[in-house]
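Input: a single structure, listed below in C-alpha cells.
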Amino acid sequence: MDQTSRLKPYLYVAPLVALLLFVFGYPLVQIFEYSFKQIRGIDGPWIGFRNYELIFGQDLFWEAVRHNLMLLIAIPIMIAWSLLVAILLYDRLKGWKVYRIVIFVPYILAVPIIAAIMKKMFQFNGPVNEALRWLGADFLALDWIGSSDYALWTVMLLIIWREAALGIVLFLARLLNLDESLTEAAKLDGANWWQRVWYVILPQMRVVIEFYAVISVITMLSSVFAYVYIMGGGRGGPGTSTMVVELYIFGAIVRQSLPGIASAVSVLLFLVSLLLIVPLFAMRRRANEEETA
Amino acid sequence: MSTAPQAAAKATLPPPPALVGIDTVLKQIVLLVAVFIALVPTIFMIMTALKSDDEYTFNKVGFPHALVFDHFDVVLFESPFFAWMLNSAILAGGAVVLSSAVSCLGAYAIARMQFKGRHFLFSASVALMAIPPVVMIVPLFVLYSRIGLISTYEGAILIYAGLITPFSVYLLTTFFRTLPKELFEAARMDGAGDFLILWRIVLPLSLPALLTLVVVNALYVWNDLLIAIIFLQDDAKRTLMAGISVFQGRYENQIPLVMAGMVIASAPMIILYIAFQKYFIRGLMAGAIK
C-alpha cells in the first residue's frame with residue numbers, strides 16, 4: 001500500500017476526532033485541572049483538594065445529591081406503569097394502534113413546554129386542585145408547586161409522566177418481537193392472563209426492563225435540569241427544595257462565577273456516569289443479542 | 001379475484017362471539033386512563049389558550065364558553081416567538097448538518113476501512129454517549145468567555161454538533177456495517193474511489209438511518225435548555241426553549257396567554273410527529289438506547 005492510501009482512513013476520521021476532542025476531550029481533562037484550582041476569571045492558583053473539601057462541607061451540595069437520589073424512587077413506578085400499559089397494548093385490543101401513538105405524545109413535547117404547562121395545572125388554585133375538590137378529595141388539594149414539602153414530588157410526578165411514555169414504547173417494541181408461540185402454548189395449556197404475563201412474558205422482558213432501569217438512573221442523576229429550572233422559576237425552588245446537582249453546577253458557574261467549585265462537582269458527576277457506563281454497555285450488548293437471536 | 005373465496009369462507013364461519021369479557025372491559029378502561037393521562041396537559045393547554053383571562057378565573061377545567069383568539073395574536077405579533085423559533089432552527093440545522101457530515105465520514109472509515117485505533121475510536125465514541133452534557137459546560141464556558149464565542153451561533157452549533165455526534169457515529173457505523181460487502185467490491189471494480197462510494201452508494205442506501213438521525217438530533221437541539229441558556233445569553237440569540245422559560249415567568253398570572261405561547265411552541269413538533277410518527281418513534285427509541 002502506498003503512502004496516501006495508508007493515510008486515507010485518518011483523513012476520514014480527522015474531523016470526527018477533532019470535534020470529539022474539542023467538545024468532550026478538552027472539557028473532561030480540564031474539569032480535573034480546574035477542580036484543583038481556585039479560579040478567578042480564567043485561571044488561578046493550585047489549591048489541592050480545597051474545592052472538594054468546600055463542597056463536601058456544604059449542606060446545599062448534599063441536599064442536591066439527596067434530591068437526585070430521591071428521584072430514583074420514580075423508577076420502579078415508571079417501570080410498573082410502563083409494563084402494565086405496554087402489556088395491555090400487546091393484547092391488541094380495539095384501537096391499540098391509536099392508543100400507542102397518543103401515549104407517546106408526552107415524550108415528543110419538549111420538557112420546558114410541558115413543565116410550564118404542569119406548573120400552571122398544579123398551582124394551588126389551578127385545575128388539578130379544582131378537580132380534586134370537585135371529586136371530594138380536598139385533602140389531596142395540596143400546594144404542589146409552592147410548598148417546599150411537595151415541590152420535588154411534583155417534579156417527580158412530571159418526570160414519571162414523561163419518561164414512562166418512553167418505557168411503554170420500548171417495552172411494547174420488545175413485546176412485539178417476542179416469540180408468540182410460547183404465549184399461545186401457555187394459552188392452550190389453560191394459563192390465565194396473569195399467569196401468562198408472570199411466567200411467560202415477564203421473564204422474556206428482563207433485559208429490556210434492566211436496560212430501561214439503567215438509562216432511567218442516568219436520567220434521574222444527570223438530566224433533570226429543564227424540569228426543575230422551569231418548575232422552580234429558574235432557581236429550583238421554592239428555596240432549595242428542588243436543588244439538584246445539575247442546577248448546582250449551573251449556579252456555581254453562571255451565577256457565582258466559581259469554575260473551580262463547578263468543576264469539582266462536574267468531576268464527581270463524571271465519575272458516577274463512568275460507573276454507570278459499565279452496566280449500560282453490558283445491557284446494550286445483551287439487548288442487541290436478544291434482538292438478533 | 002381473491003374476494004370470492006374469502007366471502008365464501010366468511011359465509012361458512014359462525015359469526016364472532018358477541019360477548020366481551022369483563023377483563024377486556026377492564027383492560028380498555030386502564031388503557032383509556034393511560035391515554036387520558038398522556039393527553040391531559042395538551043388538552044388543558046389548548047382549551048386554556050382559547051379562554052379569556054376572565055373566563056379562566058372561574059372556569060379552569062371546563063371547555064371554553066366563547067373562543068378567544070386574542071392571545072395567539074399577542075404571542076405571534078407582539079412577542080419574539082418567531083425570532084426564537086428561527087434561532088432554534090438555525091442551531092438545530094447547523095448542528096445536524098455539521099454532525100452528520102463529520103459522522104458520515106468517520107463512520108464510513110470505521111465501518112469500511114482498516115486502520116490502527118478504529119476499534120478504540122468506536123468504543124470511545126460510544127462511551128461518550130453516557131456522559132451527561134452538564135459535565136462539559138464549565139471548561140467550554142470559561143474558554144468561550146475568553147475567546148468571545150458566548151452568544152454566537154457558531155459557538156453553540158459547535159457544542160451541539162459535538163454532543164450529538166457520538167450517537168450519530170454509533171448509529172451510522174452499525175448501519176454501514178450491515179451493507180453487503182459485494183456492493184463495495186463491485187463499485188471498486190468500476191474504479192470508484194471511497195468518497196464516491198460513500199456519496200453515491202452508501203448515503204442513498206442509508207436514507208432511513210439518516211432520517212432517524214436527523215429526527216433525534218434536531219429534536220435534541222430544538223428541545224435543549226441547558227446549553228441554550230448558558231451559551232446564548234444575548235436576547236437576540238435566545239432559543240425557543242430559553243424564550244419559553246422567560247415568557248412563562250413574565251406572564252405568570254396570564255395563564256391563557258402563556259398557554260397560547262405553549263401551543264405555538266409545541267405546534268411544529270406535534271405536526272411533525274403526526275406526519276412522521278414512525279420515524280419519531282423509531283428514532284427516539286434508538287436515541288434512548290444510546
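Every chain is numbered from 1 and lettered A, B, ... according to where its sequence line falls, protein lines coming before strand lines.
Per-residue heavy-atom pair counts under 4.5 Å with chain A were compared for B/Trp222, B/Phe44, B/Phe195, and the maximum is reached by B/Phe44. Ranked by heavy-atom pairs under 4.5 Å with chain A, the first of B/Cys104, B/Ala101, B/Pro166 is B/Pro166. The residue among B/Ile274, B/Thr42, B/Leu98, B/Leu143 with the most heavy atom pairs within less than 4.5 Å of chain A is B/Leu143. When each of A/Trp134, A/Tyr212, A/Trp193 is scored by its heavy-atom pairs under 4.5 Å with chain B, the top score falls to A/Trp193. Most heavy-atom pairs under 4.5 Å with chain A: of the set B/Val102, B/Ile255, B/Leu128, this distinction falls to B/Leu128. Of the residues considered (B/Ala127, B/Ser99, B/Ala109), B/Ala127 shows the highest number of contacts with chain A, using heavy-atom pairs under 4.5 Å. For the options A/Asn125, A/Val105, A/Leu84, heavy-atom pairs under 4.5 Å to chain B are most numerous at A/Asn125. Contacts with chain A were tallied for B/Arg112, B/Glu252, B/Arg118, B/Met45; B/Glu252 has the most, counting heavy-atom pairs under 4.5 Å. Of the listed residues A/Pro106, A/Gly95, A/Ala173, A/Ser257, the one with more heavy-atom pairs under 4.5 angstrom with chain B than any other is A/Pro106. Your options are A/Val85, A/Ile277, A/Leu93, and the one with the most heavy-atom pairs under 4.5 Å with chain B is A/Leu93. Options A/Val102, A/Ile39, A/Ile114, A/Leu88 differ in how many heavy-atom pairs under 4.5 Å they form with chain B, and the most are formed by A/Leu88.
Between the CE atom of B/Met129 and the OG atom of A/Ser273 there is a distance of 13.5 Å, given to the nearest 0.5 Å. Atoms OG and CD1, from B/Ser125 and B/Ile110 in turn, are 6.5 Å apart once rounded to the nearest 0.5 Å.
Figure legend: cation-pi geometry between B/Arg177 and B/Phe122, with NZ or CZ positioned under 6.0 Å from the six-membered ring centre and within 45° of its axis.
Side-chain contact check for A/Met231 versus A/Ile145: some heavy-atom pair is nearer than 4.5 Å. In this structure, the side chains of A/Lys119 and A/Leu158 stay at 4.5 Å or more apart for every pair of heavy atoms. With contacts defined as side-chain heavy-atom distances shorter than 4.5 Å, the pair B/Val25/B/Gln28 does not qualify. Using a 4.5 Å heavy-atom cutoff, the side chains of A/Met118 and B/Pro41 are in contact.
Within a 6.0 Å sphere centred on CZ of B/Phe58, other residues, nucleotides and ligands contribute more than 12 heavy atoms. For A/Tyr10, the OH atom counts as densely surrounded, since its 6.0 Å shell holds more than 12 non-hydrogen atoms of other residues, nucleotides or ligands.
Using a 4.5 Å cut-off between heavy atoms, B/Phe115 contacts chain A through both its backbone and its side chain. Both the backbone and the side chain of B/Ile37 have a heavy atom closer than 4.5 Å to some heavy atom of chain A. Only the side chain of A/Phe281 comes within contact range of chain B, with at least one heavy atom under 4.5 Å from a heavy atom of that chain. Both the backbone and the side chain of B/Met136 come within contact range of chain A, each with at least one heavy atom under 4.5 Å from a heavy atom of that chain. Both the backbone and the side chain of B/Leu158 have a heavy atom closer than 4.5 Å to some heavy atom of chain A. Contact annotation for B/Asp194: both backbone and side-chain heavy atoms come within less than 4.5 Å of a heavy atom of chain A. With a 4.5 angstrom heavy-atom cutoff, A/Tyr34 touches chain B only via side-chain atoms. Heavy atoms closer than 4.5 Å to chain B are found in the side chain of A/Val17, but not in its backbone. Both the backbone and the side chain of A/Ile253 come within contact range of chain B, each with at least one heavy atom under 4.5 Å from a heavy atom of that chain. Within the 4.5 angstrom heavy-atom criterion, only backbone atoms of B/Gln114 (N, CA, C, O) approach chain A. If you measure heavy-atom distances from B/Val258 to chain A, the contacts under 4.5 Å come from the side chain alone. Heavy atoms closer than 4.5 Å to chain A are found in the side chain of B/Val169, but not in its backbone. Both the backbone and the side chain of A/Ala116 come within contact range of chain B, with heavy atoms under 4.5 Å apart.
A/Asn129 places a side-chain N or O within donor-acceptor distance of the main-chain N or O of A/Phe124, the cut-off being under 3.5 Å. The closest donor-acceptor contact from the side chain of B/Tyr273 to the backbone of A/Ile101 lies under 3.5 Å.
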side-chain contact (heavy atoms from CB on, under 4.5 Å) evaluation trace for B/Trp84 with B/Ile244
CA-CA 9 Å; B/Trp84 294 339; B/Ile244 282 172; 5.7 Å; no
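Aromatic pair B/Phe167/B/Tyr220: ring centres not closer than 6.0 Å. Aromatic ring centres of A/Tyr107 and A/Phe104: separated by under 6.0 Å. Aromatic ring centres of B/Phe247 and B/Phe81: separated by under 6.0 Å.
Residues of residues 21-31 of chain A having a heavy atom under 4.5 Å from any heavy atom of chain B, listed by number: A/Phe22, A/Val23, A/Phe24, A/Tyr26, A/Pro27, A/Leu28, A/Gln30, A/Ile31.
Results of the side-chain contact (heavy atoms from CB on, under 4.5 Å) test with B/Phe231 over B/Leu226, B/Ile137, B/Thr239, B/Leu149 single out B/Ile137 as the only residue that passes.
Residue pairs meeting the salt bridge (charged side-chain N to carboxylate O under 4.0 Å, His left out) criterion with at least one partner in residues 10-34 of chain A, sequence neighbours excluded, are A/Glu33-A/Lys37.
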